[in-house]
Protein chains: 2
Amino acid sequence: MDADAAPRRVRADAERSTARILEAAEAVLAEDPTAPLERIADAAGLARATVHRRFSSRAALLDALAAQLAQRYVQGLAEARVDTAPPVDAMLRMTETAFALKLAHRFAVQLTASMTPEVQGGLDRLFARLREAGAITAPDPTWGRRVYLALLHEVNDLPADSPMLDGDDLAARAGLLVGTVLRALGGVWPPAR
Amino acid sequence: MDADAAPRRVRADAERSTARILEAAEAVLAEDPTAPLERIADAAGLARATVHRRFSSRAALLDALAAQLAQRYVQGLAEARVDTAPPVDAMLRMTETAFALKLAHRFAVQLTASMTPEVQGGLDRLFARLREAGAITAPDPTWGRRVYLALLHEVNDLPADSPMLDGDDLAARAGLLVGTVLRALGGVWPPAR
DNA sequence: ACGAAATGCGCCACCGGTGTCGCAGTTGAT
DNA sequence: ATCAACTGCGACACCGGTGGCGCATTTCGT
């Protein structure tokens, strides 16, 4: 919502600052969603005034951040081929990328703005496909999405030495989450054969 | 932490104000955990200064509230006989009382202070007993507790007209939650017979 | 090398929420 | 009925965070 679509050209310099600010904001706000702008500025190695120059207000910064995150999720959804691949595979892939974005998670969802209708829709379609494929029995995709998101945070917060985890890699967490969600929604996991 | 154990007597009047404040705080903060004291005072029909007279600071009020809530949970745990009754029954009862306290939920847990070690312990013992009884297979009670709490909020937020609910009564929500959690943790629900 | 543009820095105004005080009026205990 | 205690109200100081300048300095584009 700021510093884009330029009739007047933006200096390469400035554009880098913008990126650094977003990066710093992501890191700082992940730990404390109410952190003052000054802390973000410090983390970015910039003066607070400069942050104000790039983003007219705190709200504008949050918006930009939310948009950026939403876009990453959309991309993740696409790369996981949620609409075409076997749904369980897609879910596993999507989940791994979600954990890779973990820094942002806690506030990414609290920041409901980042739960774009587009992202929601993608997830809902995924749960609908899971049901069609017989991987779950719960009929309501919305409910599936809610359960998934709620447990996503829980698994993300799980300490690395939890007995529920084999190692701390993404795959272990993704496996735990997917299994838990599928079972919760009436599926069988691991699949009986 | 305020206005109790009196060497000097407290007027009945004042005690009622305290109660009204706590009541109002619970209601207001459930909707907006960061609501200013003034909003609470208004809801209680009192002046902000009066709130300050009963509770020396915002933190003190929050503490008192957390203590009150924790105590209710402990009582709920006891009444559900989590340590003696058949664990699934206990879980069902506990869950219903938890929903009865729903107004407070969202911030009750965010207010980690109210998640007393006592409450945590009670839940952990419940999940250990569930495992012993074969109702779940997940070995780690902590994980069970986390899943339970996370989904508790989700079910609580579920709109009354959700396809997942038969009516909006406590029993429907409790059933959905218990079933989902037991399945998520590797149990069978509804029980095959 | 030059000008345009972005930066750092300090300063100030503003806002919302918190906490304190005193005073006048009301309510409760005995 | 009387006194003590509590209340409502308004005013005030304080604090942290936000947002806006202006100016001297650095950095980028060409």
Side-chain angles (χ1 to χ4, degrees), chain A residues 1-66 107 110-111 113, chain B residues 1-66 107 110-111 113:
Chain A
M1 278 65 175
D2 262 74
D4 52 343
R8 131 161 151 274
R9 324 185 27 209
V10 197
R11 224 168 71 172
D13 206 359
E15 209 151 358
R16 277 200 295 144
S17 294
T18 304
R20 298 185 65 186
I21 293 170
L22 285 173
E23 199 179 340
E26 191 176 322
V28 171
L29 295 180
E31 285 189 355
D32 175 10
T34 70
L37 288 188
E38 183 147 30
R39 194 134 17 128
I40 298 174
D42 287 351
L46 299 174
R48 193 172 60 93
T50 305
V51 175
H52 275 296
R53 228 173 266 124
R54 304 282 97 198
F55 299 96
S56 53
S57 74
R58 180 188 182 85
L61 172 55
L62 263 354
D63 284 354
L65 204 44
F107 90 108
Q110 142 189 43
L111 209 47
Chain B
M1 279 66 177
D2 265 75
D4 49 344
R8 129 156 154 276
R9 325 185 28 209
V10 197
R11 224 169 74 172
D13 205 359
E15 211 151 358
R16 277 201 295 143
S17 294
T18 305
R20 298 184 65 186
I21 292 170
L22 285 173
E23 200 178 341
E26 190 176 323
V28 172
L29 295 179
E31 286 188 354
D32 175 10
T34 69
L37 288 188
E38 183 149 28
R39 193 130 24 122
I40 297 175
D42 288 351
L46 299 174
R48 192 173 61 90
T50 304
V51 175
H52 276 295
R53 228 173 268 125
R54 305 281 97 199
F55 300 95
S56 53
S57 73
R58 181 189 183 87
L61 172 56
L62 262 354
D63 284 353
L65 203 44
F107 90 106
Q110 144 189 43
L111 208 50

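Residue numbers start from 1 in every chain, and the chains themselves are labelled A, B, ... in the order their sequence lines are given, proteins ahead of strands.
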Give a yes/no on whether any side-chain N or O of A:T50 is located under 4.0 angstrom from OP1 or OP2 of C:dT7.
no

Starting the side chain at C-beta, find the nucleotide from C:dG28, D:dT18, C:dC9 nearest to A:H52.
D:dT18

Euclidean distance, atom CZ of residue B:R48 to atom C1' of D:dC9 [Å, nearest integer]:
11 Å

Expressed in angstrom and rounded to an integer, what is the separation of A:F55 atom CZ from D:dT18 atom C1'?
16 Å

Is there a side-chain polar atom (N or O) of A:S17 under 4.0 Å from OP1 or OP2 of C:dT7?
yes

Do the non-hydrogen side-chain atoms of B:T50 and B:R53 ever get within less than 4.5 Å of each other?
yes

Looking only at side-chain atoms of A:R58, point me to the closest of C:dT18, C:dC21, D:dG19.
D:dG19

Does some side-chain heavy atom of B:R54 sit less than 4.5 Å from a side-chain heavy atom of B:L46?
no

Report the nucleotide, chosen from C:dT18, D:dC6, C:dG8, that has the shortest atom-to-atom distance to any side-chain atom of A:R53.
C:dG8

Per atom distances to the B:L46 side chain, the nearest of C:dA6, D:dG8, D:dG19 is D:dG8

Is the closest side-chain heavy-atom distance between A:T34 and B:T34 below 4.5 Å?
no

Integer-rounded Å distance: C:dT18 P and B:L62 CG
10 Å

Just how far, in rounded Å, is P of D:dG19 from CG of A:L37?
6 Å

Rounded interatomic separation in angstrom, taking CZ from B:R20 and P from D:dC6
17 Å

Rounded distance (Å) that lies between atom C1' of C:dG17 and atom CZ of B:R39:
12 Å

Donor-acceptor check, side chain of A:R20 to backbone of A:A44, threshold 3.5 angstrom: yes or no?
yes

Where the side chain of A:P36 is defined as all heavy atoms beyond and including C-beta, which of D:dC21, D:dG17, C:dG19 is the nearest nucleotide?
D:dG17

Please pick, from D:dT7, C:dG8, D:dG10, the nucleotide with the shortest atom-to-atom distance to any side-chain atom of B:R54.
D:dT7

Let me know the distance between CD of A:E38 and C1' of C:dC9, rounded to the nearest Å.
12 Å

Any side-chain heavy-atom pair of B:F55 and B:L62 under 4.5 Å
no

